S.K.: 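Can you keep this structure in mind? I'll have questions shortly.
Lettering follows sequence order; numbering is per chain, from 1. Computed from a predicted structure; not experimentally measured.
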Amino acid sequence: MKYDFNKIEKKWQDYWKNNHCYKIDISSDRPKLYVLDMFPYPSGEGIHVGHLKGYTATDIYSRYKRLKGFNVLHPMGWDAFGLPAENYAIKHGIHPKITTQKNISNIKRQMMDAGLSYDWEKEINTTDKDYYKWTQWIFIKLFENGLAYKKMLPINWCPSCKTGLANEEVVDGKCERCGTLTTKKDIEQWVLKITDYAEELLDGLDDIDWPEKIKEMQKNWIGKSEGYEFDFKIKEKAVSVFTTRIDTLCGCTYIVLSPEHHLINELDFENKDEVKDYIEKAKNKSERERISEVKDKTGIELKGLKAINPINGKEVSVFVADYVLYHYGTGAIMAVPAHDERDYDFAKKYNLEIIEVVKDDILINSSQFNGLKSEEAKKKIGDYLNAKKKINYKLRDWLFSRQRYWGEPIPIINCEKCGPVVETNLPLILPEVEKYQPTGTGESPLASIDSWVNVKCPKCGGKARRETNTMPQWAGSCWYYFRYLDNKNNDSFVDKNIQKKWLPVDLYVGGAEHAVLHLLYARFWHKFLFNIGEASNKEPFYKLRNIGLVLAQDGQKMSKSKGNVVSPDEVIKNYGADTLRIYEMFMGPFEQAIQWNDQGLKGVYRFLNKFWSLDIKEESSPEVISYTDKTIAKIEKELEKMKFNTPVAFLMEFVDFVSDKKIGKQEMEKILIVFSIFAPHFCEEIWEMLGNKESITKQKWPEFNLIEEKDFSLMIQVGGKLRDKAIFSGETSKEEIIEEIKNREKVKKWIEGKQIKEVIYVPKKLINIVLCAE
RNA sequence: GCCUCGGUGCUGGAAUUGGUAUACAGGGCGGACUUAAAAUCCGCUGGUCCUAGACCUUGAGGGUUCGAGUCCCUCCCGAGGCACCA
C-alpha cells in the first residue's frame with residue numbers, strides 16, 4: 001500500500017479533534033510542564049514555515065514529555081491588537097475585529113494542518129473584552145501604585161504611524177514597525193516607571209536559564225553604572241556632575257553642560273547670543289544627525305566663566321556641548337580627555353589641555369593621591385570630597401500611550417477637579433468608531449466620539465473627559481502566560497492556586513527580536529505583580545530558547561514584498577505535514593538561522609516512504625533489538641538537550657539498518673512511539689495497522705535496555721596516529737591487548753626497533769603506544 | 001569602538017564534550033529499470049602522489065597534550081546586538 005499522506009493526515013486530525021486527545025487537565029497530579037510559544041500576531045498572510053519551525057520544536061518537545069508522563073500545558077492564542085489590522089481597516093473600511101477573526105481562523109487551520117498538539121480550549125485572544133478587562137485591571141494597579149503617571153515630555157514620534165513610540169521601539173532612529181525616521185514631539189503621555197525595577201530586572205537574570213545573548217542585551221539596555229556625584233563651583237553656583245572615574249578627577253581640564261541644562265539660563269557669561277544660537281541648533285538636530293556626529297563633536301565655551309575643580313582648586317573652562325545628554329546622570333560632566341575617548345575627541349578639536357593621571361592602573365599627577373591604585377583612589381577621593389555614591393541606569397521609563405484606535409483603552413477618566421481617576425467599571429470597552437484614521441494631533445480617533453469621551457467623574461460627579469489614548473501592542477503580551485492557566489475566570493486574572501502550581505513557564509520559545517521589548521516588559525509586569533502579591537514567583541519564564549530564522553531559498557529574509565515567503569500550505573499539499581515537520585527539524589540546530597531548501601523536503605519524503613515499506617515480522621533478531629534500544633537511548637539524550645536535528649538522523653540510520661534485516665512487531669512499536677513525536681499522523685496510521693486500538697498519543701515512552709556488548713572495536717595508535725583497528729572481547733586486560741597488538745603487522749611496522757615510552761589506554765576505545773623520541 | 005555568537009566537503013550540517021573528523025541529508029558523477037522522462041534502486045564522491053600505502057586537511061599562525069574541530073594566546077572574516085549613557 002502506498003503512503004497516502006493526504007488521507008492519513010486528514011483522518012488523524014479529525015480523530016484527535018473528536019477524541020480531545022490534547023485536552024489537558026490542569027488539576028492532574030502528574031508533574032507539570034508548561035511549554036509555551038510566543039503567540040503570533042494574526043496577520044492576513046497567515047504563518048510561514050519560519051513560525052512553524054518554532055511551533056514544531058515545542059510540539060515535539062511537548063509530545064515527548066507527555067509520553068514521558070508529564071502533564072504538559074501547551075497552549076496557543078492571539079496577540080491581536082496592533083497596527084496592521086488597523087491599517088487594513090483604514091484602507092478597506094472593514095472593522096479590525098472582523099479581519100482579525102478571519103485571520104485567526106485561517107492561522108488556526110494552518111496549525112491544525114501541521115498537526116500541532118495544542119489544547120484549543122485554552123485559547124486566548126488579547127482583543128477579547130474578557131481578556132483585556134484584566135490588562136486594564138493591571139494598568140489600574142500600576143497606576144494605584146504610582147508606577148503609571150502622565151507627563152509632558154518630548155517623545156519619539158513616528159510621522160507615518162502618527163503615534164508616539166517607546167525607546168525600545170526606535171531602532172537606529174527609525175520606527176521599528178515601518179522604518180520611517182522618527183522625530184521629537186512634546187505631548188502629554190502615559191509613562192510606566194520601569195526604571196523603579198531596573199535593579200530587580202537585573203538581579204533576576206541570574207536565576208533564569210536564558211541564552212547568554214539575550215541576558216547580555218537586557219543588561220546593556222538597563223545599563224547600570226556605579227559612580228559618584230559631586231559639585232564643581234562656578235562663582236556662587238554649583239554644577240553637579242556624575243562620574244564612574246572619580247579617580248581621574250585631577251585630569252579634568254574642563255566641564256561640559258548639556259544644551260538643555262537649567263544652569264545655563266542662571267549664569268552670566270560674555271557670549272550669550274552665540275551660545276543661545278548653538279543650543280537652538282542642537283535642539284533641532286535629528287537623532288540621525290547626532291549619531292553621525294559621534295566623531296566630530298561640537299560645542300561652545302561659556303566665555304568669562306571658570307569652574308573650580310574641588311580636588312585641587314584648579315580653574316577649568318565651561319562648555320556647552322550636545323555630546324552630553326541631558327537625561328542621563330546630572331546632565332553635566334567633568335571632562336578628562338586623557339582617559340575618556342569622547343572628551344579626547346572634543347579636546348583635540350578645541351585644543352584643550354590633556355593631562356594623564358593614571359598609568360598602568362596607578363595614579364600620577366594627582367598630588368597626594370599619587371601612587372594609589374585606581375580602585376583605591378576612587379574610594380579615597382570620594383571620601384575626601386564627601387561625594388555621594390550614585391548608581392545610574394540607561395533604562396528610561398516606558399512610554400505607554402499610543403494615539404491609535406486598535407488597542408486597549410486606558411481606563412482613566414480625567415476630572416477637572418480630581419485629576420486622573422480610575423475607571424471602576426471594567427472592561428472599558430473599545431467603542432465602535434466611524435473613522436479609524438490616526439488624527440496626527442496627538443489624540444487617538446477615540447477623541448472624536450463625544451458621547452464616549454464626555455463623562456461624569458466617578459468621584460465627584462463633575463465634568464470629566466475619558467483618556468482617549470490606547471495601550472501599546474505590548475500590553476496584552478505582558479501577562480498572557482497567566483491567562484492560559486485559567487482563561488475563563490471572571491473573578492480574577494488567574495486563580496492563585498493554579499498559578500502557584502504552574503508558573504513559571506518551563507520552556508518558552510520564540511524569536512530573539514523581542515529581547516528588550518516583550519521579554520523585558522513582561523518581566524517588569526511580572527515583578528510588579530509579584531511585589532503586590534498577585535504573582536506567586538519572581539520570574540515568568542524559566543527557560544528561554546530562541547528559534548533561528550528560516551531564511552528564504554535565496555538566502556534573504558522571507559518577506560511578502562520580496563515574494564520569497566514559503567507557505568506551509570503549499571508544502572503540506574505536496575509532501576504532507578509530517579514531511580514538513582521533520583524537515584523543519586532536520587534542517588539544522590533549531591536555534592540557528594538556516595536557508596530553506598526545497599530539495600531537502602525530498603530527502604525527508606524519501607525517508608518516510610522507506611519507513612512506510614519496512615517489512616514487519618513476528619520477532620526481531622537480537623541485533624535489531626539491541627540496535628532499537630540504542631537508538632531510543634540516543635534520541636532521548638538529544639531531546640533532553642533540545643536537539644531535534646540529530647534524532648531525525650538517528651531514525652534515518654535506524655530505518656537503513658533494519659530495512660534489509662526485517663523488524664519485529666515489538667521493536668517496530670517502540671520506534672513508532674518515539675517517531676510519533678516527529679510524525680504523528682504517519683505513526684498513528686502504522687500503529688493502527690499493527691492492530692492497536694488506542695491512539696499512539698496515549699502511550700508511554702518506551703523503556704530500553706542497554707546491554708553492554710561483549711566485543712569492542714579498539715583504535716590502535718602509535719605516537720598519536722591511527723595505525724590499526726582490532727576487535728577484542730570485554731575481558732581482555734590492558735597488558736593482554738599490548739602483547740597482542742605488538743605482533744600485528746600494521747603496528748609492528750611502526751614500533752620495530754624503537755623504544756616504547758609509555759602506553760595510554762582508554763578502556764574499550766583506544767590504545768596509544770608512545771615511542772621515545774629519536 | 002564595545003558586547004554576544006559563529007567559521008568543518010560543492011551545499012545544510014554531525015562529531016560521545018580532549019580519543020576513528022566529514023554521521024545523516026541534499027547535489028553531482030556512473031550504473032540498473034524504462035521507447036523516453038519522472039519516480040525508484042545500486043555504486044562512487046575532502047585533497048595530493050600512477051598504484052599499494054602514505055602524507056596533508058576543521059578561517060590563519062603559534063602553544064599545551066601521548067592525542068586538539070574541541071583547551072590557551074595572537075590575528076583574519078561573517079552574523080546579531082548596543083552605541084556620545086560620562
S.K.: Select base, sugar-phosphate, or nothing to describe what A:Lys215 touches, counting heavy atoms under 4.0 Å on all strands.
M.R.: nothing

S.K.: Suppose you measure atom P in B:U8 against the same atom in B:G43; what distance do you get, rounded to whole Å?
M.R.: 29 Å

S.K.: Quick check on B:C55: is either OP1 or OP2 less than 4.0 Å from any side-chain nitrogen or oxygen of A:Arg723?
M.R.: yes

S.K.: In whole angstrom, give me the gap between the P atoms of B:C2 and B:U48.
M.R.: 42 Å

S.K.: What is the base-pairing partner of B:C10, counting Watson-Crick and G-U wobble geometry with both distances under 3.5 Å?
M.R.: B:G26

S.K.: Would you kindly give the CG-to-C1' distance between A:Leu651 and B:A14, to the nearest whole Å?
M.R.: 15 Å

S.K.: Rounded off to whole Å, could you give me the CZ-to-P distance for the A:Phe346 and B:A86 pair?
M.R.: 19 Å

S.K.: Check whether any side-chain N or O of A:Lys213 sits under 4.0 Å from OP1 or OP2 of B:C82, and answer yes or no.
M.R.: no

S.K.: Would you mind pulling out the nucleotide paired to B:G19, Watson-Crick or G-U wobble, both distances under 3.5 Å?
M.R.: B:C66

S.K.: Using a 4.0 Å heavy-atom cut-off across all strands, classify A:Trp596 as base, sugar-phosphate, or nothing.
M.R.: nothing

S.K.: For the pair A:Tyr761 (side chain) and A:Lys764 (backbone), establish whether a donor and an acceptor sit closer than 3.5 Å, ignoring hydrogens and angles.
M.R.: yes

S.K.: Which way is the base of B:U17 turned, syn or anti, if we draw the line at 90° from 0?
M.R.: syn

S.K.: So A:Ile594, base contact, sugar-phosphate only, or nothing? Heavy-atom distance under 4.0 Å.
M.R.: sugar-phosphate

S.K.: How should the glycosidic conformation of B:G28 be described, syn or anti, under the criterion that syn lies within 90° of 0?
M.R.: anti

S.K.: Pick the closest RNA chain B nucleotide for A:Val770 and for A:Lys746 by heavy atoms, then say which residue is nearer the 5' end.
M.R.: A:Lys746

S.K.: Using only side-chain N and O atoms of A:Arg606, determine if any of them is under 4.0 Å from OP1 or OP2 of B:A39.
M.R.: no

S.K.: Here's a test of your reading of the structure: between A:Leu722 and A:Ile769, which maps to the more 5' nucleotide of RNA chain B?
M.R.: A:Leu722

S.K.: Mind checking if A:Lys764 touches a base, just sugar-phosphate, or nothing, with heavy atoms under 4.0 Å?
M.R.: nothing

S.K.: Distance check needed: B:A86 C1' versus A:Tyr254 OH, whole Å only.
M.R.: 11 Å

S.K.: Could you check if a side-chain atom of A:Phe586 sits within less than 4.5 angstrom of a side-chain atom of A:Met652, using non-hydrogen atoms only?
M.R.: yes

S.K.: When the distance from CG of A:Asp343 to P of B:A86 is rounded to whole Å, what number comes out?
M.R.: 12 Å

S.K.: On the nucleotide B:A83, are OP1 or OP2 found under 4.0 Å from the side-chain N or O atoms that A:Lys394 carries?
M.R.: no

S.K.: When all nucleic acid strands are considered with a 4.0 Å heavy-atom cut-off, which category describes A:Pro211: base, sugar-phosphate, or nothing?
M.R.: nothing

S.K.: Quickly work out the A:Tyr605 OH to B:G26 P distance and round it to whole Å.
M.R.: 14 Å

S.K.: Ring centres under 6.0 Å, that's the criterion: do A:Phe346 and A:Tyr254 meet it?
M.R.: yes

S.K.: Aromatic ring centroids of A:Phe675 and A:Phe607 under 6.0 Å?
M.R.: yes

S.K.: Is any side-chain nitrogen or oxygen of A:Gln595 closer than 4.0 Å to OP1 or OP2 of B:G12?
M.R.: no

S.K.: Expressed in whole Å, how much space separates the P atoms belonging to B:G47 and B:C3?
M.R.: 40 Å

S.K.: Please report, rounded to the nearest Å, how far the P atom of B:A68 is from the CE atom of A:Met715.
M.R.: 13 Å

S.K.: For atom NZ of A:Lys661, is the number of surrounding heavy atoms from other residues, nucleotides or ligands below 6.0 Å larger than 12?
M.R.: yes

S.K.: Under a 3.5 Å cut-off for both distances, is B:C41 Watson-Crick or wobble paired, and to whom?
M.R.: B:G31

S.K.: Please determine if A:Lys634 forms a cation-pi arrangement with A:Phe650, meaning its NZ or CZ atom is less than 6.0 Å from the six-membered ring centre and no more than 45° off the ring axis.
M.R.: yes

S.K.: Hey, is the side chain of A:Gln717 pairing donor to acceptor with the base of B:G19 inside 3.5 Å?
M.R.: yes

S.K.: Kindly say if A:Tyr328 contacts the phosphate of B:A86, meaning a side-chain N or O under 4.0 Å from OP1 or OP2.
M.R.: yes

S.K.: Is the shortest side-chain N/O distance from A:Lys297 to OP1 or OP2 of B:A86 below 4.0 Å?
M.R.: no

S.K.: When you get a sec, tell me which of B:G12, B:C56, B:A15 is the closest nucleotide to the side chain of A:Phe586?
M.R.: B:G12

S.K.: Verify the ring-centre separation between A:Phe682 and A:Trp612: is it less than 6.0 angstrom?
M.R.: yes

S.K.: Once you round it to whole Å, what is the distance between P of B:G1 and NE2 of A:His339?
M.R.: 21 Å

S.K.: Measuring to OP1 and OP2 of B:A14, would you say a side-chain N or O of A:Asn645 lies under 4.0 angstrom away?
M.R.: yes

S.K.: Quick one: is B:G12 close enough that its OP1 or OP2 comes under 4.0 Å of any side-chain N or O from A:Gln599?
M.R.: no

S.K.: Using the C1' atom as the point on both nucleotides, what is the distance between B:G9 and B:C44, in whole Å?
M.R.: 15 Å

S.K.: Using a cut-off of 4.0 Å on non-hydrogen atoms, how would the nucleic acid contact of A:Lys643 be classed: base, sugar-phosphate, or nothing?
M.R.: sugar-phosphate

S.K.: Taking only the P atom of each, what is the distance from B:U45 to B:U65 in whole angstrom?
M.R.: 38 Å

S.K.: On the side chain of A:Asn220, is there an atom forming a donor-acceptor pair with the base of B:C82 - under 3.5 Å, no angle test?
M.R.: no

S.K.: Does the structure show a Watson-Crick or G-U wobble partner for B:G78, both distances under 3.5 Å? Name it, or say none.
M.R.: B:C5

S.K.: Does the side chain to side chain contact (heavy atoms under 4.5 Å, CB included) test come out yes or no for A:Val256 and A:Val241, once each step is laid out?
M.R.: CA-CA 9 Å; A:Val256 187; A:Val241 299; over 6 Å; no

S.K.: From CH2 of A:Trp221 over to C1' of B:C2, roughly how many Å is that when rounded to an integer?
M.R.: 16 Å

